[in-house]
Protein chains: 2
Amino acid sequence: MADKQYRIGEFSKLVGLSTYTLRYYEDQGLIVSQRDGNGVRYYTENDIQWVGFILHLKGTGLRLNDLKRYVRLRAEGDSTITERRDMLQKTKDDAEADIAELQMHLKVLIRKIDWYDGKVDHTIDDSESFHDYLQQFNDTKENK
Amino acid sequence: MADKQYRIGEFSKLVGLSTYTLRYYEDQGLIVSQRDGNGVRYYTENDIQWVGFILHLKGTGLRLNDLKRYVRLRAEGDSTITERRDMLQKTKDDAEADIAELQMHLKVLIRKIDWYDGKVDHTIDDSESFHDYLQQFNDTKENK
DNA sequence: TCTTGACTTAAAGTGCACTCGAAGGTGTTT
DNA sequence: AAACACCTTCGAGTGCACTTTAAGTCAAGA
C-alpha cells in the first residue's frame, strides 16, 4: 500500500478519463500532476481521490468553469471554506431541482407507457386520447 | 373554449419555445403547423398538448433524433405501437439510471457539505481528511 | 404610411466539453 | 533498431441543439 505512482496511461484507465482529457484538465487547472526527472507526469493515490471527487461534482452538474473556481478557492486555503460550502450547497439545490423536474417528466412518460399497454390489451377504450387519459391523474382541486 | 388559433409569436410564449425553435422543430418534422390563406402558420390547443408532450420526452433525455423516429413511427399508425412503447420504456429505464447516478453523486456532495460544516463549527477534527471522513459511510461488508 | 409580425432559404455562429492530429522531441523496453 | 509511451504547442474538428443573420417579400392594423 505504499504510494504507488501511475503514469498517465495507467492513471487514465484507473479514473476513466482519456489521456487527452487528463492533460486538458491539467491545463485548466483542475488537476496538478507531478513530474519525474524526464518531465513525465505521474500520479498517486491522492490524485485518484481528487479526480474521483471532481467527477462527483461534475456528476451533479457542476460546469468546468465553476469547478475551476472551486479549485481556485481551495488553493486559497481555509478562509474560503464557507464560500466553497455555499457553492456546493447551491450545486446541491440545483441538482435536486433537476431531479425533481426529471421525475415530473418521467411521470408523464410512465403514464404514456401505461396508456400504450392499455391500448394493446384493450383495457383502455380505443378512442380515448392520451391527453384525456392523463387528466384523470390531476387532482383537479389541490393541484400543488 | 372553441378552437382558438395562435400565430407563432403567441404560441411561442405559450409553450416556452422561441419562434426560431418552433420553425426548426417543424423543419425537423417534430411539429406540423397549419397555414392560413397567406401562408402564415397557426396552431391550436392540440398543438399545445403535442408540444407539451414532446417536451416531456425531451425532458427525460430523449434526443432530437430519437424524437424524430418516434414521430415517424406515430405517423405510421397503430402497427408501430409496441415499438413506440418499447422506445419509451428504454427512455424510462435510461432516465431512471440517470437519476440513480445523479443521486449517487449527490450523496458525496452532501457529505462534503456536512464535512465543511463540521470543520466550521469544529465538530470534526481539523486534521481529518474528507476521504477518511467518507470512509465511515462505507458499510465495508455489504457494499451494494 | 409606417410599424409589426409574419414568411422564405441557406449559411454561419454559439456554447460546452472534449477529442484529435500534426510535427517534432526524449527515454525505456524488446 | 524499432516500438512504445510519454512530452510539447496549438489549432482544428466533433456533436448537439439551437440561435441568429442576411436579404427579400407580404399583409394587417394604428
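None of the values given here were measured: they were computed from a predicted structure. Residue numbers begin at 1 in each chain, while the letters A, B, ... track the order of the sequences.
- The ring of B/F130 has its center no closer than 6.0 angstrom to the ring center of B/Y116.
- With respect to the salt-bridge test (charged N to carboxylate O, under 4.0 angstrom), the residues B/D94 and B/K90 qualify.
- Contact check of residues 10-37 of chain B against DNA chain C (heavy atom, cut-off under 4.0 Å) returns B/R23, B/R35.
- At least one side-chain heavy atom of A/K92 sits under 4.5 Å from a side-chain heavy atom of B/I110.
- Regarding A/N65, its CG atom lies at a distance of 11 Å from the C1' atom of C/dG15, rounded to whole Å.
- Using modelled atom types and a 3.5 Å distance limit, the side chains of A/N46 and A/T44 yield no donor-acceptor pair.
- Rounded to whole Å, atom P of D/dA27 lies 18 Å from atom OH of B/Y42.
- In this structure, A/Y43 atom OH and D/dC6 atom C1' are separated by 11 Å, rounded to whole Å.
- Heavy-atom distances under 4.0 Å link DNA chain C to A/K58, A/R63 of residues 47-63 of chain A, given in residue order.
- Of the candidate nucleotides C/dC7, D/dC7, D/dA28, C/dC7 has the atom lying nearest to any side-chain atom of B/R41.
- Closest approach of B/I48 and B/F11 over heavy atoms only: CG1-CE1, 3.5 Å.
- Toward the 5' end of DNA chain C, the nearer of the two residues B/G9 and A/N38, judged by each one's closest nucleotide, is B/G9.
- Per the geometry, CD1 belonging to B/I8 stands 19 Å off P belonging to C/dT4, to the nearest Å.
- Closest approach of A/K112 and B/Y70 over heavy atoms only: CE-OH, 3.6 Å.
- In this model, a donor atom of one side chain and an acceptor atom of the other lie less than 3.5 Å apart for B/D125 and B/S127.
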Stepwise, does the side chain to side chain contact (heavy atoms under 4.5 Å, CB included) test hold for B/Y6 with B/E45?
CA-CA 9 Å; B/Y6 309 95; B/E45 294 300 325; 2.6 Å; yes
